[in-house]
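This report concerns only the one structure given below.
All chains are named by letter (A, B, ...) in the order of the sequence lines, taking the proteins before the strands, and each is independently numbered beginning at 1. Side-chain atoms are counted along with the backbone in the values below, which use heavy atoms only and exclude waters and symmetry mates. Just so it is clear, the structure is predicted and the values come from calculations on it, not from any experiment.
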Protein chains: 2
Amino acid sequence: MFSKACKYAIKAMIYLSSRSDENLKIGLREIAEEIDSPEPFTAKIMQTLTKQQLVNSTKGPHGGFFIEAGAPEIKLIEVVKAIDGLQFVSGCGLGLKRCSETHPCPIHFEYSQIRDAMLNLLEQQSIQSLANELQAGNSVLKQHLD
Amino acid sequence: MFSKACKYAIKAMIYLSSRSDENLKIGLREIAEEIDSPEPFTAKIMQTLTKQQLVNSTKGPHGGFFIEAGAPEIKLIEVVKAIDGLQFVSGCGLGLKRCSETHPCPIHFEYSQIRDAMLNLLEQQSIQSLANELQAGNSVLKQHLD
DNA sequence: TATATTTCGGATATTTTTGTCTTTTATTCT
DNA sequence: AGAATAAAAGACAAAAATATCCGAAATATA
Ligand code: FES
Ligand code: FES
């Protein structure tokens, strides 16, 4: 569904948002720790997100990543777009060169409905609202397995 | 969503089914041609499908792949399971070690609904019925782009 | 200014997926 | 039996995704 990089990105964004209310910058180490991701790989992803202007960053002591306070809501689709691109929400489920109503693959009509539901989810849900649920303790970003 | 191998597998199965009514065996070359897939890679996939008993094969002249006539319907999920495994229809959308109602990731409730719809599709749809639609000209397995 | 901190950028390494090639084995036909 | 055909099996190659490392640049603090 999503690449690992994209999953890390989404979780990082949600975590960041859940801690960015204050004028707080979050370091790479903390992010990787809290979303249970490999630190150097996460660094690359954060670089991409920064270049795509989805997060801000500052270097140096007390530097780190943060989401501009008072910034407009960031929808999930924007994060997916930045990391994985939009192929998955528009492409054919069986890999035809283009998804088409007039020359559909065998599962087009069933598949495209589900794909559109996913697209809808990504367009509706925002990082901020998911972060609120996280803060409220209604969801988690990592699990402690014994 | 599905790996390329899995997409090739599904298309190969549907094509095979659409031609297997008669006691007809289909060669690798024809399959790869008709589903627009790399021949040697497709060979590997067909080997797997054969080992998993989803198709039969015979060697030698006029040999090839075929689906046992009068065999019970093959559901899409069986093909996906044989090639990609079931991780995607049961795993967490954000990569948590397990998908859980009690310790859900931020998108669990929306995501799992869509994932279950996909699972439902895979469990309902059979290779044979999709092959019928293909034969009826209602779908295609490859496109000719200029 | 000097030092410590932290991201940035580029190079490199590993793993997985995708794809290819060659030899062997089974089967059919002559 | 011998020749031709086609899949099976295993080794190999290329590409992409995932992950790591290190020096450079920026920033805060002393
Ligand atoms: S053509 Fe395959 S999903 Fe639309
Ligand atoms: S916990 Fe993430 S999808 Fe269920």
Side-chain angles (χ1 to χ4, degrees), chain A residues 1-12 16 19-20 23-33 35-67 80 82-85 87-88 91 94-95, chain B residues 1-13 16 19-20 23-33 35-68 80 82-85 87-88 91 94-95:
Chain A
M1 193 68 90
F2 308 122
S3 69
K4 281 194 178 189
C6 193
K7 292 172 186 173
Y8 295 150
I10 292 172
K11 286 191 281 192
L16 215 52
R19 301 283 317 273
S20 280
N23 246 29
L24 189 58
K25 286 154 195 148
I26 313 287
L28 173 64
R29 190 165 316 141
E30 179 179 338
I31 295 174
E33 166 69 25
I35 71 173
D36 197 16
S37 65
E39 198 177 306
F41 190 42
T42 307
K44 284 300 175 200
I45 295 162
M46 294 312 296
Q47 274 181 44
T48 303
L49 293 175
T50 304
K51 259 185 290 194
Q52 302 283 326
Q53 312 260 30
L54 290 172
V55 302
N56 296 90
S57 71
T58 59
K59 299 176 181 178
H62 305 110
F65 300 91
F66 60 100
I67 294 177
V80 173
I83 305 293
D84 279 353
Q87 172 58 24
F88 140 74
L94 292 186
Chain B
M1 190 70 88
F2 308 122
S3 69
K4 279 194 177 191
C6 192
K7 292 172 185 173
Y8 295 150
I10 292 171
K11 286 190 281 192
M13 293 290 295
L16 214 51
R19 300 283 319 271
S20 280
N23 246 30
L24 189 59
K25 286 153 195 150
I26 312 288
L28 173 63
R29 189 166 315 141
E30 180 180 338
I31 295 173
E33 167 68 25
I35 71 173
D36 198 16
S37 65
E39 197 176 307
F41 189 42
T42 308
K44 285 299 175 199
I45 295 164
M46 294 312 295
Q47 275 181 43
T48 302
L49 293 175
T50 304
K51 261 187 288 197
Q52 302 283 325
Q53 311 260 31
L54 290 172
V55 302
N56 296 90
S57 70
T58 59
K59 299 178 180 177
H62 306 112
F65 300 91
F66 61 101
I67 294 177
E68 200 91 54
V80 173
I83 304 293
D84 279 353
Q87 172 57 23
F88 141 72
L94 292 186

Distance from [X] atom [atom1] to [Y] atom [atom2], nearest 0.5 Å?
X: A/M1; Y: A/D84; atom1: CE; atom2: CG; result: 11.5 Å
X: B/S37; Y: B/K4; atom1: OG; atom2: NZ; result: 11.0 Å
X: A/I31; Y: A/I26; atom1: CD1; atom2: CD1; result: 7.0 Å

Over how many whole Å does the gap from [X] atom [atom1] to [N] atom [atom2] extend?
X: B/I45; N: C/dT17; atom1: CD1; atom2: P; result: 13 Å
X: A/Q47; N: C/dA11; atom1: CD; atom2: C1'; result: 13 Å
X: B/I35; N: C/dG19; atom1: CD1; atom2: P; result: 11 Å
X: A/F66; N: C/dT6; atom1: CZ; atom2: P; result: 15 Å

### Task
Identify, residue by residue, the members of residues 3-13 of chain B with a heavy atom below 4.0 Å from DNA chain C, and return them in order of residue number, or none.
B/S3, B/K4, B/A5, B/Y8

### Query
Heavy-atom contacts under 4.0 Å between residues 36-44 of chain B and DNA chain C, which residues?
B/P38, B/P40, B/F41, B/K44

### Task
List in chain and number order the residues that pass ring-ring contact (aromatic ring centres under 6.0 Å, His included) with B/Y8, two or more places apart in sequence or in another chain; answer none if no residue qualifies.
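Per chain and number, B/Y8 pairs via ring-ring contact (aromatic ring centres under 6.0 Å, His included) with B/F41.
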
### Message
How close do B/I83 and B/A9 get, counting heavy atoms only, and between which atoms?
### Response
CG1-CB, 3.7 Å

### Task
Looking only at non-hydrogen atoms, find the nearest pair between A/L16 and A/S20 and report the distance.
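The pair with the smallest heavy-atom distance is O-OG, 2.7 Å.
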
Could you give the side-chain donor-acceptor pairs of residues 44-66 of chain B under 3.5 Å, partners two or more places apart or in another chain?
unit_1: B/T48; atom_1: OG1; unit_2: B/K44; atom_2: O; d: 3.2
unit_1: B/T50; atom_1: OG1; unit_2: B/M46; atom_2: O; d: 2.7

### Worked verdict on B/I67 versus B/M13 for side-chain contact (heavy atoms from CB on, under 4.5 Å)
CA-CA 8 Å; B/I67 294 177; B/M13 293 290 295; 4.2 Å; yes

### Query
Residues two or more places apart in sequence or in another chain: which of them pass salt bridge (Lys or Arg N to Asp or Glu O under 4.0 Å) with A/E39?
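None.
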
### Task
Taking salt bridge (Lys or Arg N to Asp or Glu O under 4.0 Å) as the test, write out the residues that go with A/E33, two or more places apart.
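Partners of A/E33 under the salt bridge (Lys or Arg N to Asp or Glu O under 4.0 Å) test: A/K142.
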
## Note on the structure
With a 4.0 Å cut-off (strictly under) to non-hydrogen atoms of chain B, the first and last hit nts on DNA chain D, 5' to 3', are D/dA4 to D/dA11

When you compare the protein's N or O atoms with those of nucleotides 12-15 of chain C, which come within less than 3.5 Å of each other, and at what distance?
none

### Query
Near DNA chain D, which residues from residues 49-57 of chain A have a heavy atom under 4.0 Å away?
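The stretch gives none, as no residue of it lies under 4.0 Å from the strand.
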
### Query
Where along nucleotides 22-30 of chain C does protein come under 4.0 Å, by heavy atom, of base (B) or sugar-phosphate alone (S), with - for untouched nucleotides?
---BBBBS-

